[in-house]
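For clarity, every value in this text was computed on a predicted model and none was experimentally measured.
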Amino acid sequence: MGDVTTQSRNNGFIGEIIKPSRGAFTCMINSEIVAVLAVMRRNVRWGVHYVADDDHLEHSLIHSLKELRRKIFSWQHQWQNVDPVVYLQPFLDVIQSDETGAPITGVALSSIYKILTIDVLDLDIVNVRVAMHMIIDAVTSCRFEVTDPASEEVVLMKILQVLLACMKSKAATRLSNKHVCMIANTCFRIVHQASSKGELLQRIARHTIHELVRCIFSHLPKICSTEHEMVNGSSLVASGVVGTQNENHMNGSTLLKSGNVGIDESENKEDAQNGEILIMAPFGIPCMVEIFQFLCSLLKVTENIDIGPKSNMIVHDEDVPLFALGLINSAIELGGSLFSKHPKLLAVIQDELFYNLMQFGLSMSPLILSTVCSIVLNLYYHLRTELKVQLEAFISCVLLKLVQSKHGSSYQQQEVAMEALVDLCSQQMFVAEMYANFDCDITYSNVFEDIAYMLSKSAFPVNEPLAAMHILALNGLVSMIKGMAKRTCNELSISEEDSTNYEGYEAFWTFKCLNYNDPSSWIPFVRKMKHIKRNLAIGADHFNRDPKKGLEFLQGIHLLPDKLDPESVASFFRYTNGLDKNLIGDFLGNHGEFCVHVLHEFSRTFDFHDMTLDSALRVFLGTFRLPGESQKIQRVIEAFAERYYEQSSHIFCDRDAALLLSYSLIMLNTDQHNAQVKKKMTEEDFIRNNRLINGGKDLPRKYLSELYHSICENEIQMIPGQGAGFPTMTLSRWINVIYRSKESAPFILCDSRVPLYHDMFVILSGPTIAAVSVVFDQAEQENVLQTCIDGFLAIAKISTHYRFGDILDDLVVSLCKFTTLLTPLSFEDAIISFGDGPRARMATTTVFTIANRYGDCIHSSWRSIFDCVLSLHKLRLLPPCLANDAAGETDSSSDYVWSKPDTSSLLISRTTPAAIPRRSFSLFGRFSQLLSSEVEEPLLHPTHEQLAAQQFLREIVLKCHIDNIFMDSKFLQAESLLQLVEAIILATVQFSKGSDIIEDEDSAVFCLELLISITLNNRDRILIIWKNVYKFISDIVQQKAMPCALVEKAVFGLLKICQRLLPYKENLTDELLKSMQLILRLDAQVADAYCEPITQEVMRLVKANASHIRSHSGWHTTISLLCITAQHPEASEFGFEALAFIMFEGAHLLPSNYVLCVDAAREFAESWVGEIDRSISSLEMMASSVVCLVRWSYEAKNTVNEEAAMKVSKDLGEMWLRLLQALKVVCLDQREEVRNHAILMLQRSFAGVGGIYIPNTIWFQCFNLVVFTLMDDLLEIALESSSKEYKKMEGTLVLATKLMLKAFLQSLEELSQQASFCKLWLEVLDRMERYMKFKFRGKHSEKIHESIPELLKNTLLVMKTTGILMPSDDVGRDSFWQLTWLNVKKILPSLQSEVFLEPELEQMQAKHKKISGIPATNETKLIPSNETTT
């Protein structure tokens, strides 16, 4: 056999084809010749016959084989250059011979098969086309003697094998249309013959024809043009192909048809010529069309069988339609979208194929229905742009009709139809395209809406357990909603302007889209048409109840003009779905002038070009119900005939001919299909009735015959469907479908970015949530529950994307109920309910997943979510640091510790009454029983299983990431955040008023912690929630009269909020600090209990935020909190520390807080709590604060104008006066050290304002309100108090005197110029005189008597030196000089001579006398001579 390799893809082996060399090919041919000869020699008939002359005579078949064997070894050229006819002809002769038996023919066929499979015959071989044609001619005309059935079947198998190899050969492209059809014809004959043969042959024959069809249609992508398609509808006509006997066809069907009916002879001749050309052309579209038509014709073998809903197709032979449907499906799978490029192929699919699919779609055979649905799915995927009307018809009239089971469909039918719908819904853009093409088109039904409602309804298990049908419907719903959710984020941003809102009347039926390929063009268009369709549906409903009011309504919404015209009303009737067909018929048949005009306008909306009269009549009468009155019928038919004649004038001579024949067809229809008519009209009767109607001439008999048979075979539906339900697809309705396809808008192809899901979700959300919730409630399988969860999450995603807060809230509330956390149960029952089944756990996880992902759109359902959180808190399944985690304060170094069930929960579970305890054998049940066991009973340690169960529940809760809900609350929209806060507040109020103090307070504290953490996390927009948070904390603080954890958490939470937010919210500083006044309003008992920690927090707040507090009100609140701690034993230390932080070196002293700090320091100075050093330090801080006044004065002088500087000085003077007054109060302290130090600090305060301009009025107030009052009060204390209460008052009086005189001398220069100076001076002398007269325990104080004269002397000397105290000439009047010495003498009479020596005094008096009548030089500094002290 040589080195020839025969492995090939054609025979199922895997390997690379290796072409044989010349020698190998020669050996292979030789071996095949030997094989054939060997089989032939086994038969006596083929033996050699000798005669007398030794010449032998051989049979021609044997001779040709031997001759070939002699030639092959003498070939000098490569076998590629050898004409294949030479080495094929002997084998083909054997195959075609009538004398050979089956074994010989079989071997010859095997030889041909081997030559074909080694790819010897390729495109490079000479004369390969002729060779391939010879092979096909020989094999298709194979003749052999049948000796036994087995050998016959073998030969038939080999014939199939060879023919399939021909099509798979590389040279197959050289085959003509004729020979490809011959191959198909032969294979189909064998398939038919195999039905009476063995099982093996049947299977091989069917497999071969499948492979053949796949091979033929796999060449479709290579055919780029339609130049070889049949011209003028010509068929392939060839001798030898057409004219095969009927027994060679399947059930009488013929593969190739010759000629056309009703064509002139000239046309026949022309078509025959064109057909001859097409026959021998390389195979392509013509043969594919013929084969595809033949496949469709196989479906017609059951057209006489009733395949209505109640018929059982399985009883009949379903083998042929299944076989044909399988072949059709294979062809479509291979051809795909390329069918649309070839009009002839596409036309077969659009009309003949789809009509048969509609019929077989109602088959009772689930297998047939499954195959039909598979074909439709492939057609949708590849050719939906060309099958818009057909797809709508199939979905509405087959799938939806079967699923609803209202028409007698079996459960198997329903299930298959549901599976088909689910498969369609799983296609990426199916739902969007259904909505855009049908729901948004006024001439189509709402396919998307019908599917959505059907799936949701089918998913409901009404009074029955959950079944496979419910799960299928659920999968379809979830598939739709998940697909929408996946693509919502990628939508194009297209403006909705003018898409739904328009004013004024427009002819809605004239609206056209400018570009169906541009989303920016067609999306606004379909939105607008959907809006119009909704309004038309409402208008149709009004019209069906009252036509007049319906038209008025449409006028009101601008769908009809204010003044009705016939065209608009006719278009409303023509293009609006849902109208009552009876009302339309009555309106059109009315004799009123307006109605007649409407009728004629209505007829003009039809295009009857290229339509037969009966088809046109079917289309026309399919839009309304023909009225019963003869006059109305006449008017309607006249309008129809007039329109048909306008567009088909080549058929009729005049309009009357069309009218008469139309009437005749209606009468024939009634006659043939009315059961009451016993004697039916014959064809001859019909032709005779219509003689001479065409302008006095007869219409062609053939034409009338065709009309007659069309009406007889397919009734004209006089009562069209009303739009409700899904009618059966009759031929009349199918003609309407094909008619609509011609005038239908192009199919819109959607991509993942089309922004249509908003409106689709509005339709789908409600039914989906309801259906999925019911299934989730009843399902037990975890995979079904997970499908429901996927649907819930997809709904949540879409709701959030489109801001459908109400939908999301409804979903969350529904899910929360499934968690069982909202059900009031005892502790152990709650654990069992939550842990036993997957439903509650999955619902809980989903609720918190939605809260984490889509909390931004959650509003009212926050309450349900938080109730679930509280339930988990009660079950001790939350981490104890949840609130801290939410506030971002988790210590990463600490272990994640879980809380343990406390005794309170156990107590509750034990005291919960239960008549019959529920016993659970589950792991969670045993664990809860262990927790709730009686204390008196010996407690068992939990087993590893129980601990694992506990850990399992906690891990579930941990995966929910509940802390992230509150931590990420800063990303929520304002409305959602406010709703969350209100939900927490409501829950806290509920628990804070509960009857169970332990549990309720614990839950309330937990809620308050979360509320505080949310407040802290939303510091950047605290104003949104601050009002509610503050009011809630205020209510807690003011309503509780006893210390408790809730009040403690409220107070310290408030301080925490202020402490954390002050650095970030300058505009809210005053509001935050004002809120701290709540602490000042605490009940005394509560305040005392928490005073120390409160003060510590205030101290931290001051140290961290002192620089952020600017306003007087803010400081007032802060320092007030510090002041009240001065007398508290534990809190005073921290209060003083905070005050010292503010006042030390004036670090945080401001004009706004100066007086407040001074008063606070006075409180601490006066306080007896703590050591005296604290009071001393307070006084030091007060005195040191004068430095700030000086600094502020200097800054004002350099930064503001003179007028403003004067105002600043006045303000600073008042602050200084408040400081002096505060120190003056401490100067009266019983403690000697404090009292004396206060006087010294007061003295320092006087001395420290040397750099400040103090208005004179302030100075006088200082003496009147501070110095003189202090002197008087000290003297009174010294006189009235005992020495035990006030020790060593003499020294204090001396210090006070020094203070007074130093203050006087400090202000001497400024005050001496004032009119009240003399009075001030006399007040000073008066206090000194009173002190000199003071007797301590009946004796004059030596300290006072020693110090006051000296102090007075020094004061007089200063006044002398400055020229303020000088002799005066006004002896007779109360001069300053005279009044001074008059009062000084009361203190110390000899002091004048010590201050003014005698020579010096005389010299000064002489000087004054020289200048008579003229005051002394420095007289301006003295008090005028006429001034009195009164």
A side-chain contact here means heavy atoms from C-beta on lying under 4.5 Å apart; do [X] and [Y] qualify?
X     : Y     : result
T1095 : L1121 : no
M1300 : E1323 : no
K1210 : E1214 : yes
N1105 : Q1059 : yes
L1320 : Q1314 : no
M1241 : H1237 : yes
N1383 : D1326 : no
S1178 : E1163 : no

**Prompt:** When M1182 is tested against each of L1220, D1159, L1219, L1242 for side-chain contact (heavy atoms from CB on, under 4.5 Å), which residue passes?
**Reply:** L1219

**Message:** Test: ring pair (Phe, Tyr, Trp, His ring centres under 6.0 Å). Region: residues 1065-1099. Which pairs qualify, not counting sequence neighbours?
**Reply:** none

Whether the side chain of [X] engages the backbone of [Y] through a donor-acceptor N/O pair (distance < 3.5 Å, no angle test) should be reported.
X     : Y     : answer
T1269 : N1264 : yes
W1192 : P1151 : no
S1167 : A1126 : yes
S1316 : K1319 : no
Y1331 : M1271 : yes
R1162 : A1222 : no
T1117 : S1113 : yes
S1152 : R1110 : yes
N1153 : L1149 : no
E1329 : K1386 : no

**Request:** Run the numbers on C1318 and L1322 for side chain to side chain contact (heavy atoms under 4.5 Å, CB included), then give the verdict.
**Result:** CA-CA 6 Å; C1318 181; L1322 293 178; 4.1 Å; yes

**Request:** For the pair E1133 and R1174, evaluate salt bridge (charged side-chain N to carboxylate O under 4.0 Å, His left out) and give the outcome as yes or no after the intermediate values.
**Result:** CA-CA 9 Å; E1133 179 182 353; R1174 185 182 299 163; 5.3 Å; no

Could you grab the distance from atom [atom1] of [X] to atom [atom2] of [Y], nearest 0.5 Å is fine?
X     : Y     : atom1 : atom2 : answer
F1246 : L1305 : CZ    : CG    : 12.5 Å
K1360 : K1353 : NZ    : NZ    : 10.5 Å
T1118 : L1139 : OG1   : CG    : 11.5 Å
Q1306 : I1254 : CD    : CD1   : 9.0 Å
N1236 : R1231 : CG    : CZ    : 12.0 Å
Y1194 : K1197 : OH    : NZ    : 9.5 Å

Taking all atoms of both residues into account, what is the closest heavy-atom pair of [X] and [Y], and its distance?
X     : Y     : value
G1114 : I1109 : C-CG2, 4.0 Å
V1208 : A1196 : CG1-CB, 3.6 Å
G1135 : F1164 : C-CZ, 3.6 Å
S1312 : I1364 : CB-CD1, 3.7 Å
I1119 : C1157 : CD1-SG, 3.4 Å
L1054 : M1076 : CD2-CA, 4.3 Å

**Request:** Go through the steps to decide whether E1071 and K1074 satisfy the test salt bridge (charged side-chain N to carboxylate O under 4.0 Å, His left out), and finish with yes or no.
**Result:** CA-CA 5 Å; E1071 188 72 23; K1074 181 181 178 182; 5.5 Å; no

**Asked** Given the side-chain rings of F1260 and F1268, with only the six-membered ring counted for Trp, is the space between their centroids under 6.0 Å?
**Response** no

**Audit row: Y1286, E1232, side chain to side chain contact (heavy atoms under 4.5 Å, CB included) steps and yes/no** = CA-CA 7 Å; Y1286 287 87; E1232 178 190 5; over 6 Å; no

**Message:** Whether E1350 and K1298 form a salt bridge (side-chain N of Lys/Arg under 4.0 Å from carboxylate O of Asp/Glu) is what I want to check.
**Reply:** no

Just wondering, are more than 12 heavy atoms of other shown residues or ligands nearer than 6.0 Å to [atom1] in [X]?
X     : atom1 : result
E1233 : CD    : no
E1309 : CD    : no
H1116 : NE2   : no

In terms of side-chain heavy atoms, does [X] have a donor or acceptor partner in [Y] at a distance below 3.5 Å?
X     : Y     : result
S1034 : Q1038 : yes
S1185 : Y1154 : yes
T1015 : R1060 : no

**Partners passing side chain to side chain contact (heavy atoms under 4.5 Å, CB included) against S1177 (at least two apart in sequence or in another chain)** = F1136

**Item:** CA sep, side-chain torsions, deciding dist, call: S1347, T1297, side chain to side chain contact (heavy atoms under 4.5 Å, CB included)
**Value:** CA-CA 9 Å; S1347 59; T1297 305; over 6 Å; no

**Request:** Name the orientation class of the two ring planes belonging to W1377 and W1381 (parallel below 30°, tilted from 30 to 60°, perpendicular beyond 60°).
**Result:** perpendicular

**Prompt:** What orientation do W1259 and W1216 show, parallel under 30°, tilted 30 to 60°, or perpendicular over 60°?
**Reply:** perpendicular

**Request:** Please lay out, stage by stage, how W1168 and Q1127 fare under the test side chain to side chain contact (heavy atoms under 4.5 Å, CB included).
**Result:** CA-CA 7 Å; W1168 288 57; Q1127 305 299 328; 5.8 Å; no

**Item:** Residues forming a side-chain hydrogen bond (donor to acceptor under 3.5 Å, both in side chains) with K1385, sequence neighbours excluded
**Value:** none

